[in-house]
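Chain letters run A, B, ... following the sequence lines, proteins first and then strands; every chain starts at 1. Heavy atoms only: backbone and side chains are in, while hydrogens, waters and symmetry mates are out.
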There are 2 protein chains.
Amino acid sequence: MAGESDRTEKMTAALRSAGIRVTRQRVALLGVLADADDHPDAVELHERAKGVEPTVSLATVYRTLSVLEQEGVVHRHAFDGGGARFETTHEEHHDHILDVDTGEVIEFQSDKIEQLQEEIARELGYEVVHHRLELYCRKKS
Amino acid sequence: MAGESDRTEKMTAALRSAGIRVTRQRVALLGVLADADDHPDAVELHERAKGVEPTVSLATVYRTLSVLEQEGVVHRHAFDGGGARFETTHEEHHDHILDVDTGEVIEFQSDKIEQLQEEIARELGYEVVHHRLELYCRKKS
DNA sequence: TTGGGTGCAAATCATTTGCAATTAT
DNA sequence: ATAATTGCAAATGATTTGCACCCAA
């Protein structure tokens, strides 16, 4: 029973190495992010973080998320409708399926699509800096 | 030299068939949309429409764009950063390359990618309602 | 004539920021 | 000690909406 998760440690380390102070409220958010297996938005993260450290403000949630994004520890997604949603960065790159009925997010990964994207860009004289592929889907009946 | 473009007529017809009044300000916006070969945002469209009909307000631009979107005559895109950008619906479906340096938008189309998307969704028990594929690119040096 | 459409200004919503007080280092 | 960080409230930016007047059908 270790106290902190692997991910939390990694994120704390990221803060330290960037010379950024490890505050109570940041640790709370870090823990919440590490535990989340969904893709919560800022308000939801704020809600969860307050359960750990009641003094966290929404402003600090936003500020910390920006820092963590710059440090590459979290990814910000701007899915259709509503505000941005976040997830901790994990090893393998992936894209998303969004259930249009439930809002649920499923991750998937396709080398083939990835390759095709680069091929298309190359043919037009471009190189892909980053991309965004979202499949808005409905469960098959 | 016909007075109105094909597209403007089509859009005017769309309004009429939806039982929606064809007003001065809507005609102005329709013309501007038909002429646009880029992907302007609401403010830019408002600017251009004012050149044709100075009484158009930004509120009406937004309201009309929503109507046209519902009628399927224009498409709304939420690219990274800034507000929504619009284009008149054209025959073939396509995705977008965005030049990260200039903001320019290039359209492309790939049946292969399209197929792969549906395949992936199907394997996970979903069917694709709509999707979004954007390649943020830089010109190759 | 008359209900839909318009401009304007105020209201939303998500996010950011200024500032004085707090706190990690 | 002291500069980074915080909470709060006010500011932003994009978009929407309430309302009294206006005009397309």
Side-chain angles (χ1 to χ4, degrees), chain A residues 11-32 39-71 73-86 103, chain B residues 11-32 39-71 73-86 103:
Chain A
M11 290 189 277
T12 308
L15 288 184
R16 287 229 164 73
S17 81
I20 292 162
R21 289 185 186 173
V22 180
T23 65
R24 234 167 326 121
Q25 18 286 86
R26 283 178 178 163
V27 171
L29 180 57
L30 257 37
V32 160
H39 294 65
D41 63 15
V43 172
E44 175 62 26
L45 287 168
H46 180 215
E47 224 57 57
R48 297 184 194 176
K50 275 194 294 189
V52 180
E53 169 56 62
T55 72
V56 205
S57 71
L58 183 54
T60 289
V61 169
Y62 275 114
R63 282 189 281 234
T64 304
L65 285 171
S66 294
V67 171
L68 294 175
E69 193 191 7
Q70 287 182 336
E71 296 302 318
V73 214
V74 306
H75 270 98
R76 176 191 304 258
H77 299 291
F79 300 133
D80 282 356
R85 299 171 64 171
F86 303 82
Chain B
M11 287 190 278
T12 308
L15 287 185
R16 286 227 166 74
S17 81
I20 292 161
R21 292 187 185 171
V22 180
T23 64
R24 235 168 326 120
Q25 18 287 86
R26 283 178 178 164
V27 172
L29 180 58
L30 257 36
V32 160
H39 294 65
D41 64 14
V43 173
E44 175 62 25
L45 287 168
H46 180 215
E47 224 57 60
R48 296 183 195 177
K50 276 194 292 189
V52 180
E53 169 56 64
T55 72
V56 206
S57 72
L58 182 54
T60 288
V61 169
Y62 275 113
R63 281 189 280 233
T64 303
L65 285 171
S66 293
V67 172
L68 294 176
E69 192 191 6
Q70 286 183 337
E71 295 302 317
V73 216
V74 305
H75 270 99
R76 177 192 301 257
H77 299 293
F79 300 134
D80 282 357
R85 298 171 64 172
F86 302 83

Exercise for the section: Would you please name every residue forming a salt bridge (Lys or Arg N to Asp or Glu O under 4.0 Å) with B/R16, sequence neighbours left out? Expected result: none
Practice task
Using salt bridge (Lys or Arg N to Asp or Glu O under 4.0 Å) as the criterion, list what pairs up with B/D41, not counting sequence neighbours.
Solution key: none
Exercise for the section: Mind checking side chain to side chain contact (heavy atoms under 4.5 Å, CB included) for B/E47 and listing every partner two or more places apart, or none if nothing turns up? Expected result: B/V43, B/K50
Exercise for the section: Identify, with sequence neighbours excluded, every residue that meets side chain to side chain contact (heavy atoms under 4.5 Å, CB included) alongside B/H39. Expected result: B/H77, B/R85, B/E87, B/H96, B/V105, B/E107
When the distance from [atom1] of [X] to [atom2] of [N] is rounded to whole Å, what number comes out?
| X | N | atom1 | atom2 | value |
| --- | --- | --- | --- | --- |
| B/L15 | D/dA25 | CG | C1' | 14 Å |
| A/R76 | C/dA14 | CZ | C1' | 11 Å |
| B/L58 | C/dA10 | CG | C1' | 15 Å |
| B/I20 | C/dG3 | CD1 | C1' | 14 Å |
| A/L30 | D/dT5 | CG | P | 13 Å |
| B/H77 | D/dT15 | NE2 | C1' | 18 Å |
| A/E47 | C/dA14 | CD | C1' | 15 Å |
| A/L65 | D/dT6 | CG | P | 12 Å |

Problem - Nearest heavy atoms of A/S66 and A/R76, plus distance in Å - result: OG-NH2, 3.5 Å
Practice task
Looking only at non-hydrogen atoms, find the nearest pair between A/T64 and A/R26 and report the distance.
Solution key: OG1-CG, 3.6 Å
Verify the contact: side-chain N or O of [X] to OP1 or OP2 of [N], cut-off strictly under 4.0 Å; return yes or no.
| X | N | answer |
| --- | --- | --- |
| B/R24 | D/dA24 | yes |
| A/T23 | D/dA4 | no |
| B/Q25 | D/dC23 | no |
| A/R21 | C/dT23 | no |

Handout entry: Position toward the 5' end of DNA chain D (nearest nucleotide), B/R85 or A/R26
Key = A/R26
Exercise for the section: Please lay out, stage by stage, how B/L15 and B/V67 fare under the test side chain to side chain contact (heavy atoms under 4.5 Å, CB included). Expected result: CA-CA 8 Å; B/L15 287 185; B/V67 172; 4.2 Å; yes
Handout entry: Sugar-phosphate, base or nothing in reach of B/V22, heavy atoms under 4.0 Å
Key = sugar-phosphate
Between the protein and nucleotides 17-20 of chain C, which nitrogen or oxygen pairs are less than 3.5 angstrom apart?
| residue | atom | partner | partner atom | Å |
| --- | --- | --- | --- | --- |
| C/dG18 | O6 | A/R63 | NH1 | 3.3 |

Handout entry: Check: B/T55 main-chain N/O paired with B/E53 side-chain donor or acceptor under 3.5 Å
Key = yes
Exercise for the section: Report yes or no: does A/T60 contribute a side-chain atom to a donor-acceptor pair with the main-chain N or O of A/V56 at less than 3.5 Å? Expected result: no
Fill in the blank from the handout: To the nearest 10 degrees, the angle between the two end axes of the helix from C/dT1-D/dA25 to C/dT25-D/dA1 (five pairs per end) comes to 30°
